[in-house]
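For reference, the structure discussed in these notes is given below.
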Amino acid sequence: MIPTAPKVCLIYRDIITTYEGFGVQKPLHIVIIGGGAAGFFAALRAAEVAREQGQNVVVCILENSSQVLKKVRISGGGRCNVTHNCFEVPRFCQNYPRGAKELLSPFQRFQTQDTVAWFKSRGVNLVAEDDGRMFPDTDSSETIINCFLEEVKKLNIGLHLNHSVQSISRLENGQLRLNIKDHEAMVADRVLIATGSSQAGYTFAKSLGHNITELAPSLFSFKIEHPLLKDLSGLSFQRTKLKLKIEGAPLFKQDGPTLITHWGLSGPAILKLSAWAARDMMHADYKAQLIVNWLGYERIEQVQSLLTDLKETNAKSQIKNVYPSEVAKRFWLQALDVAEIPQELLWANLAKKQILKLAELLFSCAFEILGKNRFKDEFVECGGVNLREIDFKTLQSKLCPGVYFAGELLDVDGITGGFNFQNAWTTAWIAGTHMPVAPNQQNNDIYAPAGVLV
């Protein structure tokens, strides 16, 4: 349950005399647009820095819907893939098709081990799985959500639901005015835009002078119709090697687990491949050829040798009953049908041409991709605010002082495995660190209180 948020952002004009008459430091007002992973993390960091330095800072989060942290809740099938178990920054950055160079310096300041330590200090232990993905030891995303909500309450951060920002504009004194649907306008000294891949965030950025790079879906599965895959949904292969051929584009390669689905192929290797080829696939209208090496062997001769060994050691067995240990029997039987080899044939009677045909099917099976399939909620967008327009030391806009960006709204996206969340934590942490202490761009002689404009 989301706690009732104190209306700390709503400061009315009759309170101004309190500051002026009693010499109280005027508060710096920080407004976070977006109640997602980056928005929450930045708000917590900003409030924490302000408290440590004894600054009078008011922080609030504006969420346009009735629910916060939606992607956190559904990530990893409801378990929340918080980050990835890799502490070598250069190697970690290799998992970002876009933004790898820009993230090198930020990750030196806040990376996976810092994320793990941050959560641990708040009673949440992250555990790494064999593939490097890290989840809370409760295996529940609610653990992460509850942690954030408790910290919001502890740090007295305002949390305002159903507050849909319609526009952002700069006032003459340097402050920022936020027009909000069905609510009074608000004024802030600092604004962080952390709206993920929503169109609203791109609109805000453009209205403030920023350019948005070409947008394209990332992390999607492939729609494929092929007799080899028919009725085999749910079968997975752990060591596949994939090649993606797109007309007019370079060859894309990826290794790892692949999953057969109702609509074609998915799994970590497919999703990673889609991330690297996101824009090229979009330009090709998601039509391409996928070559699958089901067993992951380096050379076709190795597959031929495997089949030849099976023939020599199982000469009197029917071919349908003896097959490579790397594949399921259902897949093997279907492969025999596709290769036009009778299932009742004895291994002793399998010809060299048939061995070669089977080896080719297992080593380099070609599929025509007919389209993409995206997860309804748990998706990632390629593209966003042009990175050349952002100061990655602070995550402040180079074009509009006082405005900061974090998370997926930037032209940064990672492959599957916790990398997109780590981008959110890192960029949000840096923005949150600097928003309370950044040089004040406003005219101190003219003060408009944050909150309702009357």
For [X] and [Y], which heavy atoms make the closest approach, and how far apart are they?
X: L307; Y: P324; value: CD2-CG, 4.3 Å
X: A275; Y: L219; value: CB-CD2, 3.9 Å
X: S218; Y: S274; value: C-OG, 4.3 Å
X: T112; Y: C86; value: OG1-O, 3.4 Å
X: G418; Y: N81; value: N-OD1, 3.0 Å

Where at least one partner belongs to residues 359-369, residue pairs that pass side chain to side chain donor-acceptor pair (under 3.5 Å), sequence neighbours excluded |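 Output for this query lists Q289-E368.
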Pairwise side chain to side chain donor-acceptor pair (under 3.5 Å) hits with a residue in residues 298-310, at least two apart =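 Checked against side chain to side chain donor-acceptor pair (under 3.5 Å) - neighbours excluded - the pairs reaching residues 298-310 are K241-E298.
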State whether F135 and R79 meet the cation-pi test: NZ (Lys) or CZ (Arg) under 6.0 Å from the six-membered ring centroid, and within 45° of the perpendicular axis.
->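 Ring-cation test returns yes.
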Hey, does the Lys NZ or Arg CZ of R122 hover above the aromatic six-ring of W118, less than 6.0 Å from the centre and inside 45° of the axis?
->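 Verdict for W118: a cation-pi partner in R122.
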What pairs meet the salt bridge (charged side-chain N to carboxylate O under 4.0 Å, His left out) rule with one or both residues in residues 84-94, with sequence neighbours excluded?
->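 For residues 84-94, and leaving out neighbouring residues, the salt bridge (charged side-chain N to carboxylate O under 4.0 Å, His left out) pairs sorted by first residue read E88-R91.
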Sort and list the pairs that fulfil salt bridge (charged side-chain N to carboxylate O under 4.0 Å, His left out) and have at least one residue in residues 212-229, not counting sequence neighbours.
->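 Of all non-adjacent pairs touching residues 212-229, those that pass salt bridge (charged side-chain N to carboxylate O under 4.0 Å, His left out) are E214-R279.
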Check: [X] ring centre within less than 6.0 Å of [Y] ring centre:
X: F331; Y: F237; answer: yes
X: F419; Y: F92; answer: yes
X: W429; Y: F110; answer: yes

If we ignore hydrogens and angles and just use 3.5 Å, is the side chain of [X] paired with the main-chain N or O of [Y] as donor and acceptor?
X: R190; Y: P401; value: no
X: S221; Y: N373; value: yes
X: T203; Y: Q199; value: yes
X: H262; Y: L232; value: no
X: R109; Y: S105; value: no
X: R239; Y: N293; value: no
X: T240; Y: P257; value: no
X: R374; Y: V380; value: yes
X: T427; Y: G407; value: yes
X: H226; Y: L228; value: yes

Is a side-chain donor-acceptor pair under 3.5 Å present for [Y] with [X]?
X: H210; Y: S397; answer: yes
X: R45; Y: T433; answer: yes
X: S65; Y: E63; answer: yes
X: T115; Y: Q113; answer: no
X: N162; Y: S66; answer: no

Test ring-ring contact (aromatic ring centres under 6.0 Å, His included) applied to Y297 - qualifying residues, sequence neighbours left out |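 Listed in chain order: nothing, the list is empty.
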Rounded to the nearest 0.5 Å, what's the gap from [atom1] on [X] to [atom2] on [Y]? Could you check?
X: E48; Y: L155; atom1: CD; atom2: CG; value: 7.0 Å
X: I193; Y: L62; atom1: CD1; atom2: CG; value: 11.5 Å
X: S141; Y: N146; atom1: OG; atom2: CG; value: 9.0 Å
X: C60; Y: L159; atom1: SG; atom2: CG; value: 9.5 Å
X: I291; Y: F363; atom1: CD1; atom2: CZ; value: 11.0 Å

Evaluate ring-ring contact (aromatic ring centres under 6.0 Å, His included) for F252 paired with W276, printing each intermediate quantity in order.
-> CA-CA 8 Å; F252 294 93; W276 290 103; 8.3 Å; no
Below 4.5 Å, heavy atoms only, C-beta onward: do [X] and [Y] meet side chain to side chain?
X: H84; Y: N95; value: no
X: L235; Y: L259; value: no
X: K372; Y: F222; value: no
X: Y202; Y: I212; value: yes
X: Y96; Y: F107; value: yes
X: L69; Y: F148; value: yes
X: R73; Y: I145; value: yes
X: L44; Y: V59; value: no

Verify side chain to side chain contact (heavy atoms under 4.5 Å, CB included) between H163 and N64, making sure each step is shown before the conclusion.
-> CA-CA 5 Å; H163 274 58; N64 69 349; over 6 Å; no
Check against side chain to side chain contact (heavy atoms under 4.5 Å, CB included), D189 and I30 | CA-CA 6 Å; D189 300 296; I30 297 174; over 6 Å; no
Side chain to side chain contact (heavy atoms under 4.5 Å, CB included) between D411 and V385, worked out = CA-CA 5 Å; D411 184 15; V385 177; over 6 Å; no
Lys/Arg-Asp/Glu bridge criterion (N-O < 4.0 Å) met for D391, K398 =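 Here D391 does not pair with K398 in a salt bridge, since their nearest N and O are not under 4.0 Å apart.
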For the pair L362 and L306, evaluate side chain to side chain contact (heavy atoms under 4.5 Å, CB included) and give the outcome as yes or no after the intermediate values.
-> CA-CA 11 Å; L362 295 173; L306 170 67; 5.9 Å; no
Is [X] atom [atom1] crowded by more than 12 heavy atoms from other residues, nucleotides or ligands, each under 6.0 Å away?
X: K243; atom1: NZ; answer: no
X: K181; atom1: NZ; answer: no
X: K287; atom1: NZ; answer: yes
X: E52; atom1: CD; answer: yes

Determine, stepwise, if the pair E150 / K153 fulfils salt bridge (charged side-chain N to carboxylate O under 4.0 Å, His left out).
-> CA-CA 5 Å; E150 288 173 10; K153 186 176 181 180; over 6 Å; no
In chain order, what residues pass the salt bridge (Lys or Arg N to Asp or Glu O under 4.0 Å) check against E389, with sequence neighbours excluded?
->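 Checked E389 against salt bridge (Lys or Arg N to Asp or Glu O under 4.0 Å); zero matches.
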